[in-house]
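Structure first, then comments.
Indexing begins at 1, ligand by ligand and atom by atom, following the structure's order. Any value given below was found using the heavy atoms of this structure, including those in side chains, with hydrogens, waters and symmetry copies removed. A quick note: this is a predicted structure, and the numbers were derived from the prediction, not measured.
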Amino acid sequence: MRARMAEFAFANNRLLDKSPARCDCAATMDRRADLSARKIIIDTDPGQDDAVAILLALASPTEIDVLGITTVAGNVPLQRTQTNARIVCEVAGRPEVKVHAGRAAPLERDLVTAEHVHGRTGLDGPELWEPTMPLQAQDGVEFIIDTLRREPPGTVTLCPLGPLSNIGAAFRRAPDIIDRVQEIVLMGGAYFEVGNITPAAEFNIYVDPEAAAEVLASGVRITMMPLDVTHKALTTPARVAAFRALGTRVGLFTAEMLEFFERFDVEKYGSEGGPLHDPCVIAYLIRPELFCGRHINVEIETSSPLTLGMTVADWWGVTDRSPNALFMGDVDASGFFDLLTERLGRL
Ligand code: RIB
Ligand code: CA
């Protein structure tokens, strides 16, 4: 059976090719109307795929103004994620970026980590070092609150790439900031692809389901990059070779990270490479036309031990629950990797 699955997955170079019908591509076409640089906060748990997302953002100053990076416990504990975020900024040649440490644990549960995917450091693959750039003294959750209160309403986008603990904590601590958020573009959830950390749940949502439920219920404009789309943004040997062929420190660092990162999904799914989950968030801000999805209702399971963290996505509109997210279902993978390779080549 595994051989059949591997053969099927390989033939389609996709994890379980289940392109959902009727993605509403028009839904994403109005998203880049404003051509000025978009002010964002990246909230992250690096994580090799988080690292590539941060590199893509820092390589795209015309489209993206990174106000700061807040780190959260997720793939690995907070001590490592805040260290890793600073390593990535140093690789990018951007030691001036403001990196903050946020929550070391979910809002109401014990932390679950993913060293089995990302390695003990969270950035296994390349040789690592102790970063010299500073960690900001201000707590990450306070940075999110202060930034949203300082910047004009509706001008800051939050880009969570890990568990939503920092965002949930900020909304609980300062409800006044909720209406000031321009948009949340997050990586998390799954519908057609089902779960990756349990049979029902995707990792980011599973780690802090209470935070995810409160963010989804906040009324903020939300765009979700679930496994349904990220499992179609797969590395391949040729795509990793293209990063290495850049002949730069960033290109080599990226290739070495991905050659480690992809092994888990290749073994699990029999695919040719690993899914670049988090860079989909940043690529969407730069070229939204690469993606398509549907405005639907998404609710989070927060009580059942069997399905905890499941994103109950009403893709087929079988309930009367109001749409609360643009839930992505497909991506132009070639265009995505062309963008990624070209931009990383600029660093
Ligand atoms: O399920 C994939 C997500 O969990 C990605 O953000 C990855 O970095 C991990 O955080
Ligand atoms: Ca992540």
For ligand 1, which atoms, with element, lie under 4.0 Å from some heavy atom of D49? 5 (C), 6 (O), 7 (C), 8 (O)
Check for me whether R263 meets the cation-pi criterion with F260, that is, NZ or CZ under 6.0 Å from the six-membered ring centre and within 45 degrees of the ring axis. yes
At their closest point, which heavy atom of L234 faces which heavy atom of R239, and how far apart are they? O-NH1, 2.7 Å
I'd like to know if E151 and R180 make a salt bridge, using a cut-off of under 4.0 Å between side-chain N and carboxylate O. no
Ion pair present between D65 and R38, side-chain N to carboxylate O less than 4.0 angstrom? no
From the candidates L161, D50, N75, L227, the one that places a heavy atom nearest atom 9 (C) of ligand 1: N75
Show which atoms of ligand 1 fall inside a sub-4.0 Å distance from at least one heavy-atom site of D45. 10 (O)
Regarding atom 1 (O) of ligand 1: of the candidates M225, H277, E202, which has the closest heavy atom? E202
Going by the order shown, which atoms of ligand 1 are within less than 4.0 Å of some heavy atom of F203? 1 (O), 4 (O), 9 (C), 10 (O)
Among protein heavy atoms, which sits nearest to atom 4 (O) of ligand 1, and what does the distance come to when rounded to 0.1 Å? N204 OD1, 3.1 Å
Residues R149 and D176 bridged, charged N to O under 4.0 Å: yes
Any idea which N/O/S atom from D45 gets closest to the Ca ion (ligand 2)? OD1
Charged N to carboxylate O below 4.0 Å: is that the case for E262 and K268? no
So which bit of I197 gets within less than 4.0 Å of ligand 1, heavy atoms only: side chain, backbone, both or neither? neither
D278: which N/O/S atom is nearest the Ca ion (ligand 2)? OD2
Counting backbone and side-chain atoms alike, is an N, O or S atom of L161 positioned under 3.0 Å from the Ca ion (ligand 2)? yes
Proximal ligand 1 atoms for M187, defined as those under 4.0 Å from one of its heavy atoms: 2 (C), 3 (C), 5 (C), 6 (O)
Checking D265 against S271: is there a side-chain donor and acceptor pair closer than 3.5 Å? no
Would you kindly say whether E210 and T302 are connected by a side-chain donor-acceptor distance under 3.5 Å? no
